[in-house]
Number of protein chains: 2
Amino acid sequence: MSDPGPEPRWLDDEERAAWRAMAGIVFGLPAALDAQLQRDAGVTHFEYTVMAALSETPGRTLRMSYLAILANGSLSRLSHVVKRLERQGWVERAPDPSDGRYTTATLTEAGWEKVVATAPGHVEAVRQLVLDPLSKTHVRQMREIGTRISHGLSPEGSCAAWPSPTSDE
Amino acid sequence: MSDPGPEPRWLDDEERAAWRAMAGIVFGLPAALDAQLQRDAGVTHFEYTVMAALSETPGRTLRMSYLAILANGSLSRLSHVVKRLERQGWVERAPDPSDGRYTTATLTEAGWEKVVATAPGHVEAVRQLVLDPLSKTHVRQMREIGTRISHGLSPEGSCAAWPSPTSDE
DNA sequence: GGCTGTGACTTGAAGGGTCAAGTAACAAAA
DNA sequence: TTTTGTTACTTGACCCTTCAAGTCACAGCC
């Protein structure tokens, strides 16, 4: 296909074992979390993330473009998803009064209730799948490791997103 | 939607920060790895995993059902994917002589060359995205953390399987 | 005011994944 | 030997995501 190039830096035993373990998470966890949300709430993880982001915003309203960043998805994907959420009556769209190019998405009362009803199960799943198997020390280490790797994935850090008191570092 | 239930065990600051960091990986890394393989080799990560698994087997042949476990996917998914790989001339299927219910998948010479040409770039991507940002200590910790979480995901461990540079070790 | 360029979405088609049936091969009972 | 059941795989329909246009709103220049 292409040239052989310089001798690749193969992984040693320790590295391969570590990557294999991480890969188990990376390719298995999304499916597990989606499964719980689908089963208990009939919602995808991305849909939940979108609604959760709105629910944590004062006024429960955000511009589509910013919401896309928060939810870590493309604008196109968000557009399709919000259309579905709108059909369910959980979200409403409206042009931004201050600039008609923007569209704002607002969580409806029904949407708020959906989030409130869904959140506990989701948090419980995160706890059982991710946190419970780890000691406090592990949790600290995971945070450090996760932060380092995430930084490399999206230079500005996918951290900008994520609603929460970012008290870190 | 449902009953309030017992008070959920919400995440504290440390836990939320750790989960947020991990989520960055879990929802970002697959896309990044797929992107590299798609761009440089026109192949999905799952397709690569399937071919890599075959390439590491003596005889480059495996039964579909075992291959599905190795590649961490459903039999249905594997069936669709192998059909595509067969169309490309990288894999061939044949009924197992010893039991007609089984189907065996065999990596062709062209498939072998595809793996050999693709592996270095993939390993390099894993290195850059996952290993390089970490110290040796972090790598050890990641292995431990990954192992613990993976165990909870699929009891028997998704460990059995794994792609890695064809030739070495 | 009309033109042009850019930004912010929206849309439709194409491709991959999952789920639910369906098929085919074997094994064991009748 | 036929029937029944199980295992292993395949297929088709539907859903979701991506990609490549297309649309609409505004801002700046003439």
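Each chain gets a letter, A, B and so on, in the order the sequences are listed, and its residues count up from 1.
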Q: Looking at B/Glu109 and B/Lys114, is any side-chain nitrogen of the basic one under 4.0 Å from a carboxylate oxygen of the acidic one?
A: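 Salt bridge between B/Lys114 and B/Glu109, a charged N being under 4.0 Å from a carboxylate O: no.
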Q: Can you tell me if A/Asp132 and A/Gln128 form a side-chain donor-acceptor pair at under 3.5 Å?
A: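 Short answer, no.
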Q: Check A/Leu54, A/Thr108, A/Thr106 against A/Val91 for a side-chain contact (heavy atoms from CB on, under 4.5 Å) and give me the one that passes.
A: A/Leu54
Q: What's B/Ser65 touching, base or sugar-phosphate or nothing? Going by heavy atoms closer than 4.0 Å.
A: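 Sugar-phosphate, no base atom in range.
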Q: Apply the test side chain to side chain donor-acceptor pair (under 3.5 Å) to residues B/Gln36 and B/Asp40: give CA-CA distance (whole Å), side-chain angles for both, the deciding distance (0.1 Å), then the verdict.
A: CA-CA 6 Å; B/Gln36 182 272 321; B/Asp40 297 350; 3.1 Å; yes
Q: Give the rounded distance in Å between these two atoms: CD1 of A/Ile69 and P of C/dC9.
A: 10 Å
Q: Could you give the CZ-to-C1' distance, from A/Arg77 to C/dT11, as a whole number of Å?
A: 17 Å
Q: Does the distance from a Lys or Arg side-chain N to an Asp or Glu carboxylate O, for A/Glu144 and A/Arg140, drop under 4.0 Å?
A: no
Q: Under 3.5 Å, side chain of A/Ser135 to main-chain N/O of A/His138, donor-acceptor pair present?
A: yes
Q: At a heavy-atom distance below 4.0 Å, what parts of residues 79-88 of chain A sit against DNA chain D?
A: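 Here the set is A/His80, A/Val81, A/Arg84.
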Q: Between C/dC19 and B/Ser76, counting only base atoms on the nucleotide and side-chain atoms on the residue, is there a donor-acceptor pair under 3.5 Å?
A: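 Answer is yes: a donor-acceptor pair is held.
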Q: May I ask you to decide if the ring planes of A/Phe27 and A/Trp19 are parallel, tilted or perpendicular, using 30° and 60° as cut-offs?
A: perpendicular
Q: Between P on C/dG17 and CG on B/Leu75, what's the gap in Å once rounded to a whole number?
A: 14 Å
Q: 5' to 3' on DNA chain D, which nucleotides open and close the contacts with chain A (atom under 4.0 Å from a heavy atom)?
A: D/dC16 to D/dC26
Q: Measure from OH on B/Tyr102 to C1' on C/dA25 and round the result to the nearest Å.
A: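 For the pair B/Tyr102 OH and C/dA25 C1', the rounded distance is 11 Å.
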Q: Return the 5'-most residue of the pair A/Arg101, B/Arg101 with respect to DNA chain D, ranking by each residue's nearest nucleotide.
A: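 Closer to the 5' end of DNA chain D: B/Arg101.
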Q: Taking B/Lys136 first and then A/Glu14, would you say they form a salt bridge - that is, a charged N and a carboxylate O separated by under 4.0 Å?
A: no
